[in-house]
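Within every chain, numbering begins at 1; the chains are lettered A, B, ... in the order of the sequence lines, protein sequences first and strands thereafter.
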Protein chains: 2
Amino acid sequence: METSKAASPAPTRVVILGGGIGGTAVARRLANAPGFAITLIDRQNHFVFQPLLYQVATAALGPADIAVPIRHLLKRARNVRVVQAEITGIRAAERVVDTDIGPQSYDVLIVATGVEASYFGRRDWEAIAPSLKTLADAALIRERILGAFERAEAVPDPLEHARQLTFVVVGGGPTGVELAGALAELTRDTLAHDFRHIDPREARLLLVEAGPRLLPMFHPSLSRSAMQDLRSRGVEVRLRTRVTAMTPEQVEFGDERIPAANIIWAAGVEASALGRSLPAERDPSGRVMVAPDLSLPDHPEVFVIGDLAHCRPAREAVALPGNGGVALQQGNHLARLLRDQARGRPRRAFTYFDRGAMATIGRHHAVAEIRRLRFAGTFAWWLWLLVHLVFLAGFRNRLAVLLHWAWAYVTFERGARLIIRPARQPPPASSGR
Amino acid sequence: METSKAASPAPTRVVILGGGIGGTAVARRLANAPGFAITLIDRQNHFVFQPLLYQVATAALGPADIAVPIRHLLKRARNVRVVQAEITGIRAAERVVDTDIGPQSYDVLIVATGVEASYFGRRDWEAIAPSLKTLADAALIRERILGAFERAEAVPDPLEHARQLTFVVVGGGPTGVELAGALAELTRDTLAHDFRHIDPREARLLLVEAGPRLLPMFHPSLSRSAMQDLRSRGVEVRLRTRVTAMTPEQVEFGDERIPAANIIWAAGVEASALGRSLPAERDPSGRVMVAPDLSLPDHPEVFVIGDLAHCRPAREAVALPGNGGVALQQGNHLARLLRDQARGRPRRAFTYFDRGAMATIGRHHAVAEIRRLRFAGTFAWWLWLLVHLVFLAGFRNRLAVLLHWAWAYVTFERGARLIIRPARQPPPASSGR
């Protein structure tokens, strides 16, 4: 608390909602800054490195490898208090956030709670086709995938074999592409020889995209490369194809019905109810329109950053995409802005520096686009590995992930193939998992 | 399947119930042996190295570090089929095992399903004081422990602080001692500086044992050493103390009431319902009395091994304890016996070679007893680390655990401090976790 001696008598109460990339960036950049008393609220106790979530879902990494307790990240920030709580509402007029453990007043509010999966109004599909946003989601998807092989091995009916071993990934963005590629490795390599009655290599993998190409945020040549590579790994890629119906038994694309026990949703995101409750305009997907300095036009003391913000800096043609790089730069910008403001300097507008994008398809194949440079193949794959190791939080996690990846590279194994269900509880019905 | 060419036309159908140390030992020793068609059934898909379960419960290791898919362990055993299913009954007269995915006939049945926690008839205590038998149990205990600190940090009431930060471990055997020691490290070192409102070092830790000393299976000098060491680490050890009542709010020992939000049960085990359904005599804790060759006296084709067996070889004064060493030797014995029998040789009685026992208390302190040698302190601790690394299944797991331990040794950190609860679901009421 030595820093508070230099602070003004009443420090600015900054409340940050959400401990993702954006929220933790603000807190880290304001750590031990005089004049700020910061409260970071998240429903989870941990920060998750989202770009590797699909590796937890496909049993390559364990949950602890890609997550760090938020309060551990901010251990040395003596002016930051981390609270695990559910946010139940924001009263912007009174400058109060309501949580399940009581209200919290603020002078500055930063909303960085991200987005959730959008089922385009078909909320009933959520129980059938889980999406991938949290560690709990990743664990659920992992257990469904591994459970499908167990059930197929256990039943004699070949039609049911085929249904259990049909995996449909909906959505051809980076998450969908990476999931489909990882499923190909899981079925073709890792599990190939582990069963007696079924051959996991016969698993049918479909990747379904409503638009005309995969990875629409990349250059078309990289979209083509990714699609060719997925096809060569045995993934059926369907473009311009929309899911029109689904049940636990099958999925329908217009007239076509495919019996499939495993559907994973990676098709779109929308703002959460909390984001929709903010007093501001929103774009069609519910993202909050922010001013050039990332504040709300009618509430200069409220800022929105990360995936939840619809932000189009002056020099950009379209709104920025929802990704970790944008969230990180916005978090850093906000910390600078608040420090400037405390010194009486004017607020600056947020500007974005595009560091590029990348997605991995599988062993020795990734695509990367860094400004005008484009890579597809082995070099991009090694680059992907390096960049993700560097950005992963926590030196210990980096070592552990490096070990797991090196092991997988040599042996084709995946170490986290666990189906964890509570003991002393009846197993779920086979169609329900 | 090359081995089956040399086999007799109708191979012996061996069904193994339980994929723990005993069950997998039989399967591994009969791998690819001519004349045996083996089915191993377990409700879980993974083998768990139980001696390190307490490290998962106290956030030092992740679940995947101490577990391996059973079918991966037995990947090269072409005559072994692994089935994930719930066993619902045994019809010994018909030589059939019933499961939730259908019946399974056998020529030889090996029951190695272990034991479960005994609440001495107080099943209602189970929801209040979880026990530690499976990965799901370990994850639950980890989330309760870490959640208690989060709740204490969030509430202003000092009485509630104290209650949330009171941890009571019931049972002074190896699991209870190891849990209490690990809780001391977690609160005194790992979490010491992570909070703003509470000081985790003020957490109250109690270890309660009904008998006159801790670790009753060790020499009394080691029991004393363990107790002194726990006390020096801030654990209150109560001997000759029985829990008489508990609620989610408090625990009672006779007249004494201690407000405590965290109670962990490590006080005793009993046979599961499946074990009790076998046609054989049982000891008071429900363990099945087996013949010298580990079979049931009235059913020479049914064997019981591991924790579920009450086994007293001719040269032993008392029944063998329930531990991994006994289970492993019994599994190996059974594989030899079945091979002998296939060659027309007589069955041999099981003999036990005692390799000793050990328990760890904390950094630089363990106790070990190997025949007449007794160690307490730093040497025993390093020995404990070495032995547990060697016996851990899977080379990859060994590397990962070695990494996590080395990291923790240097930094006092614990890497798996995750509270994972499903998203989009209301948080549980504070008293219920």
Side-chain angles (χ1 to χ4, degrees), chain A residues 43-46 61-65 67-69 71-72 75 78 80-86 100-102 116 126 133-137 139-140 146-147 150-151 153-155 193-197 394 396-397 399-400 403-404 407 411 413 415-424 426-427 430, chain B residues 43-46 61-65 67-69 71-72 75 78 80-86 100-102 116 126 133-137 139-140 146-147 150-151 153-155 193-197 394 396-397 399-400 403-404 407 411 413 415-424 426-427 430:
Chain A
R43 72 197 308 177
Q44 307 279 6
N45 83 324
H46 49 272
L61 297 174
D65 297 327
V68 184
R71 61 174 74 259
H72 181 67
K75 185 175 189 156
R78 303 304 301 176
V80 179
R81 190 175 147 238
V82 177
V83 176
Q84 187 183 4
E86 197 80 19
D100 61 348
I101 56 169
E116 51 191 50
E126 187 172 351
K133 277 279 160 198
T134 67
L135 285 182
D137 294 339
L140 173 70
L146 298 175
E150 295 294 336
R151 287 190 294 279
E153 172 83 349
V155 298
H193 305 290
D194 277 14
F195 294 83
R196 300 291 172 262
H197 290 190
R396 178 185 161 288
N397 284 0
L399 265 182
L403 167 73
H404 295 323
W407 185 255
T411 64
E413 299 292 350
R417 283 164 47 199
L418 304 182
I419 303 174
I420 299 177
R421 58 188 192 192
R424 292 183 286 281
S430 71
Chain B
R43 73 198 307 178
Q44 308 278 6
N45 84 322
H46 49 272
L61 297 175
D65 297 327
V68 185
R71 61 175 71 260
H72 181 67
K75 185 175 187 155
R78 303 303 301 177
V80 179
R81 190 175 146 238
V82 176
V83 177
Q84 187 182 5
E86 197 80 18
D100 61 349
I101 56 168
E116 52 191 49
E126 187 173 349
K133 278 278 160 198
T134 67
L135 285 182
D137 295 339
L140 173 71
L146 298 175
E150 296 294 336
R151 286 188 296 278
E153 172 82 350
V155 298
H193 305 290
D194 278 14
F195 294 82
R196 300 291 172 263
H197 290 189
R396 179 183 160 289
N397 283 359
L399 266 182
L403 167 74
H404 296 322
W407 186 255
T411 65
E413 298 293 348
R417 283 164 47 198
L418 303 182
I419 303 175
I420 300 176
R421 58 187 191 192
R424 292 183 287 280
S430 72

Please report the shortest heavy-atom distance between [X] and [Y], naming the atom on each side.
X	Y	result
Glu153(B)	Phe195(B)	OE1-CB, 3.3 Å
Arg81(B)	Arg196(A)	CA-CG, 4.1 Å
Asp194(B)	Arg71(A)	O-NH1, 3.3 Å

Select, from Val83(B), Leu135(B), Leu61(B), the one with the greatest count of heavy-atom pairs under 4.5 Å involving chain A. Leu135(B)
Where does Val80(B) contact chain A at under 4.5 Å (heavy atoms): side chain, backbone, both or neither?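 Val80(B) touches chain A through backbone heavy atoms alone.
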One should read off an interatomic distance between His46(B) NE2 and Gln84(B) CD, to the nearest 0.5 angstrom, of 8.5 Å
Under 4.5 Å from any heavy atom of chain B - which part of Val82(A): backbone
